[in-house]
Amino acid sequence: MDNNQSQIPFPQIFYLKVIFDTAIPEIQREIDMAEVFDKHMVPFSDITVKNSSKGAFISYSIKVELVSHDQMQNMYADLKKISGVKVAM
């Protein structure tokens, strides 16, 4: 276990943010994110959506529950692979 892993206690509930290009249809964004959460067995809820001031991007804040550092890293890696994702943090 490296220092980053030991600093975060698990299980952990927090809000993650995923920012998309608005060119990706809403239904596709939501399906793609749900598939990643399902693949990694990450319970999610409390989704809020906000458009950027110029309308080029849309951000999702999503409450998730993670049980391990590996699960978190793998989830983030797959979120970043989704078409249209600019940032996942």
Side-chain angles (χ1 to χ4, degrees):
M1 180 181 325
D2 65 31
N3 286 339
N4 289 335
Q5 289 181 3
S6 65
Q7 293 175 5
I8 301 172
F10 288 95
Q12 185 69 244
I13 297 174
F14 69 97
Y15 282 86
L16 67 87
K17 182 173 274 196
V18 183
I19 300 174
F20 281 89
D21 182 319
T22 55
I24 306 301
E26 177 181 7
I27 190 70
Q28 190 62 53
R29 294 187 300 253
E30 293 174 2
I31 288 169
D32 291 344
M33 287 189 294
E35 285 176 351
V36 169
F37 298 140
D38 289 346
K39 175 183 176 182
H40 297 288
M41 297 182 290
V42 175
F44 65 99
S45 62
D46 299 341
I47 301 169
T48 58
V49 182
K50 183 178 177 185
N51 289 310
S52 66
S53 61
K54 295 184 181 179
F57 302 102
I58 189 162
S59 67
Y60 289 79
S61 294
I62 307 156
K63 183 178 177 181
V64 295
E65 183 175 353
L66 301 170
V67 296
S68 72
H69 186 266
D70 287 339
Q71 182 191 38
M72 180 178 71
Q73 293 296 95
N74 294 331
M75 177 197 67
Y76 275 120
D78 282 348
L79 285 170
K80 291 175 183 179
K81 292 177 188 174
I82 296 173
S83 179
V85 169
K86 299 300 178 186
V87 176
M89 57 184 190

Note to self: Let's go through Ile13 and Lys63 carefully: what are the C-alpha distance in whole Å and the side-chain angles of both, what is the deciding distance for side-chain contact (heavy atoms from CB on, under 4.5 Å) to 0.1 Å, and is it a yes or a no?
What the structure shows: CA-CA 7 Å; Ile13 297 174; Lys63 183 178 177 181; 3.5 Å; yes
Under 4.5 Å between side-chain heavy atoms, counting indirect links through other Ile/Leu/Val/Met/Phe/Trp/Tyr residues: same cluster for [X] and [Y] or not?
| X | Y | result |
| --- | --- | --- |
| Val67 | Tyr15 | no |
| Val18 | Ile82 | yes |
| Phe57 | Val85 | no |
| Ile8 | Val42 | yes |
| Ile47 | Val36 | yes |

If you compare all heavy atoms of [X] against all heavy atoms of [Y], which two are closest, and at what distance to 0.1 Å?
| X | Y | value |
| --- | --- | --- |
| Phe44 | Ala34 | CZ-CB, 4.1 Å |
| Thr22 | Gly55 | OG1-O, 3.2 Å |
| Gln71 | Met41 | NE2-O, 3.2 Å |
| His40 | Met75 | CD2-CA, 3.8 Å |
| Ala88 | Leu79 | CB-CB, 4.0 Å |
| Ser59 | Ile19 | CB-CG1, 3.8 Å |

Note to self: Any side-chain to backbone donor/acceptor pair from Glu35 onto Asp32? Under 3.5 Å, distance only.
What the structure shows: no
Note to self: Using the rule given for side-chain contact (heavy atoms from CB on, under 4.5 Å), can you reason through Val49 versus Ile58, listing the C-alpha separation, both sets of side-chain angles and the distance that settles it, and then say yes or no?
What the structure shows: CA-CA 7 Å; Val49 182; Ile58 189 162; 3.2 Å; yes
Check: Lys81 versus Asp78: any side-chain heavy-atom pair under 4.5 Å?
Finding: yes
Checklist line | Any side-chain heavy-atom pair of Ser83 and Ile24 under 4.5 Å | finding: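 With C-beta onward as the side chain, the pair touches.
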Check: Below 6.0 angstrom between ring centroids: does that apply to Tyr60 and Phe20?
Finding: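 Centroid separation for Tyr60 and Phe20: below 6.0 Å.
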Next item on the list: Could you grab the distance from atom CZ of Arg29 to atom CD of Glu26, nearest 0.5 Å is fine?
Entry: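 Arg29 CZ to Glu26 CD: 5.5 Å, rounded to 0.5 Å.
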